[in-house]
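Owing to the predicted nature of the structure, the values given are computational and were not obtained by experimental measurement. Below, each value reflects all heavy atoms present in this structure, side chains not excepted, and no hydrogens, waters or symmetry copies.
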Amino acid sequence: QLQLVESGGGLAQTGDSLTLSCGTSQGSFRQKDMAWFRQAPGKEREFVAARRRDGHLYYEDSMKGRLTISRDNAKNTMYLQINSLKPDATAVYFCAAGVVILSRTRDPSGYASWGQGTQVTVSS
């Protein structure tokens, strides 16, 4: 398992953009499937975006077009850019990593490594 740490969350206004970061100092993102999930109060953890080992990208349908997931191997860092923020994006955002079978790409149970999350709060 990798030890993951998220950063970049905070308070934003509707229409703003944020870029979240996920890094590790105890492993490598090479040959790993990487993903972002989020969890709002009272709701289950929800898939946001993923980048698989082969570079294939996956996005949650309702946010597709406002999301960009990327990875910088040299910095061992994964990013999630969120554009045109809306209040319903308010949640704790988690990064995840693992060797994940294709059918479980959008399933949080498929990932072995998790960060503790970074809070994103979007005001009206």
Side-chain angles (χ1 to χ4, degrees):
Q1 297 183 359
L2 299 174
Q3 303 297 314
L4 306 177
V5 179
E6 303 95 337
S7 62
L11 179 63
Q13 295 182 341
T14 297
D16 286 355
S17 297
L18 282 177
T19 298
L20 309 181
S21 300
C22 174
T24 180
S25 61
Q26 299 181 1
S28 175
F29 288 166
R30 291 187 176 183
Q31 303 301 313
K32 298 290 186 181
D33 303 307
M34 306 292 298
W36 288 92
F37 294 82
R38 68 181 181 184
Q39 189 165 19
K43 296 184 178 180
E44 296 182 354
R45 193 162 296 189
E46 178 185 28
F47 172 79
V48 178
R51 182 189 186 277
R52 290 191 60 85
R53 299 183 299 276
D54 61 2
H56 196 90
L57 306 180
Y58 295 77
Y59 294 104
E60 193 276 320
D61 289 339
S62 68
M63 299 182 68
K64 188 174 183 179
R66 298 189 291 114
L67 297 170
T68 303
I69 187 171
S70 60
R71 187 173 73 182
D72 186 333
N73 288 332
K75 297 181 179 180
N76 214 25
T77 302
M78 179 178 65
Y79 303 96
L80 178 69
Q81 181 177 344
I82 313 173
N83 297 325
S84 301
L85 283 164
K86 299 177 181 179
D88 61 8
T90 296
V92 178
Y93 285 73
F94 299 89
C95 63
V99 178
V100 183
I101 63 173
L102 185 62
S103 63
R104 300 179 71 185
T105 297
R106 299 172 182 263
D107 184 355
S109 67
Y111 295 83
S113 300
W114 290 85
Q116 291 186 318
T118 184
Q119 176 72 48
V120 173
T121 302
V122 184
S123 65
S124 301

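In the hydrophobic clustering of this structure, V92 groups with F47; members are Ile, Leu, Val, Met, Phe, Trp, Tyr whose side-chain heavy atoms approach within less than 4.5 Å, directly or through other members. Following chains of ILVMFWY side-chain contacts shorter than 4.5 Å, one cannot reach V99 starting from F29, and the two form parts of different hydrophobic clusters. Note: the hydrophobic cluster containing L11 does not contain L80 (ILVMFWY, side chain heavy atoms under 4.5 Å, direct or indirect links). Residues Y79 and V5 are members of separate hydrophobic clusters, defined by side-chain heavy-atom contacts under 4.5 angstrom among Ile, Leu, Val, Met, Phe, Trp and Tyr.
Distance check, rounded to the nearest 0.5 Å: CD of E6 to CD of Q116 gives 8.0 Å. Considering OG of S28 and CG of L2, their distance stands at 8.0 Å, rounded to 0.5 Å. Here the CE atom belonging to M63 is positioned 10.0 Å from the OG atom belonging to S84, to the nearest 0.5 angstrom. Taking CZ of R51 as the reference point, atom NZ of K32 lies at 14.5 Å (rounded to 0.5 Å).
The aromatic rings of F94 and W114 sit perpendicular to each other, their planes meeting at more than 60°, with 30° as the lower class boundary.
Nearest approach of L4 to C22, heavy atoms of both residues: CB-SG, 3.9 Å. Scanning all heavy atoms of the two residues, the minimum distance from Q31 to R53 falls at O-CD, 3.0 Å. Of all the heavy atoms in M34 and A97, the pair that sits closest is SD-CB, 3.3 Å. Scanning both residues, A91 and A40, for their nearest heavy atoms gives CB-N, 3.8 Å. Looking at every heavy atom in both residues, I69 comes nearest to M78 through CD1-SD, 4.0 Å.
Side-chain contact between L85 and T14: absent, with no pair of heavy atoms (C-beta onward) separated by less than 4.5 Å. The shortest distance between side-chain heavy atoms of R52 and Y58 falls below 4.5 Å. No side-chain heavy atom of V120 sits less than 4.5 Å from a side-chain heavy atom of T90. I82 places a side-chain heavy atom less than 4.5 Å from the side chain of Y93.
The main-chain N or O of G9 is found under 3.5 Å from a side-chain atom of T118 such that the two form a donor-acceptor pair. Q13 places no side-chain N or O within 3.5 Å of a backbone atom of S123 that could act as its donor or acceptor partner. Counting only distance, with no hydrogens or angles, the side chain of T77 and the backbone of D72 share no donor-acceptor pair below 3.5 Å. Between the side chain of N76 and the backbone N or O of G27, at least one donor-acceptor pair lies under 3.5 Å. Proximity of a side-chain donor or acceptor of D33 to a complementary backbone N or O of V100 within less than 3.5 Å is detected. With Q39 contributing its side chain and K43 its backbone, the two residues share a donor-acceptor pair below 3.5 Å.
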Please report the C-alpha distance between N83 and S17 in whole Å, then the side-chain angles of each, then the deciding distance to 0.1 Å, and finally whether the side chain to side chain donor-acceptor pair (under 3.5 Å) criterion is met.
CA-CA 4 Å; N83 297 325; S17 297; 3.0 Å; yes

List the steps, then state whether side chain to side chain donor-acceptor pair (under 3.5 Å) holds for S109 with R104.
CA-CA 8 Å; S109 67; R104 300 179 71 185; 2.9 Å; yes

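In summary, the aromatic rings of Y111 and F37 are positioned with their centroids under 6.0 Å apart.
Dense packing is recorded around CD of Q119, with more than 12 heavy atoms of other residues, nucleotides or ligands lying under 6.0 Å away.
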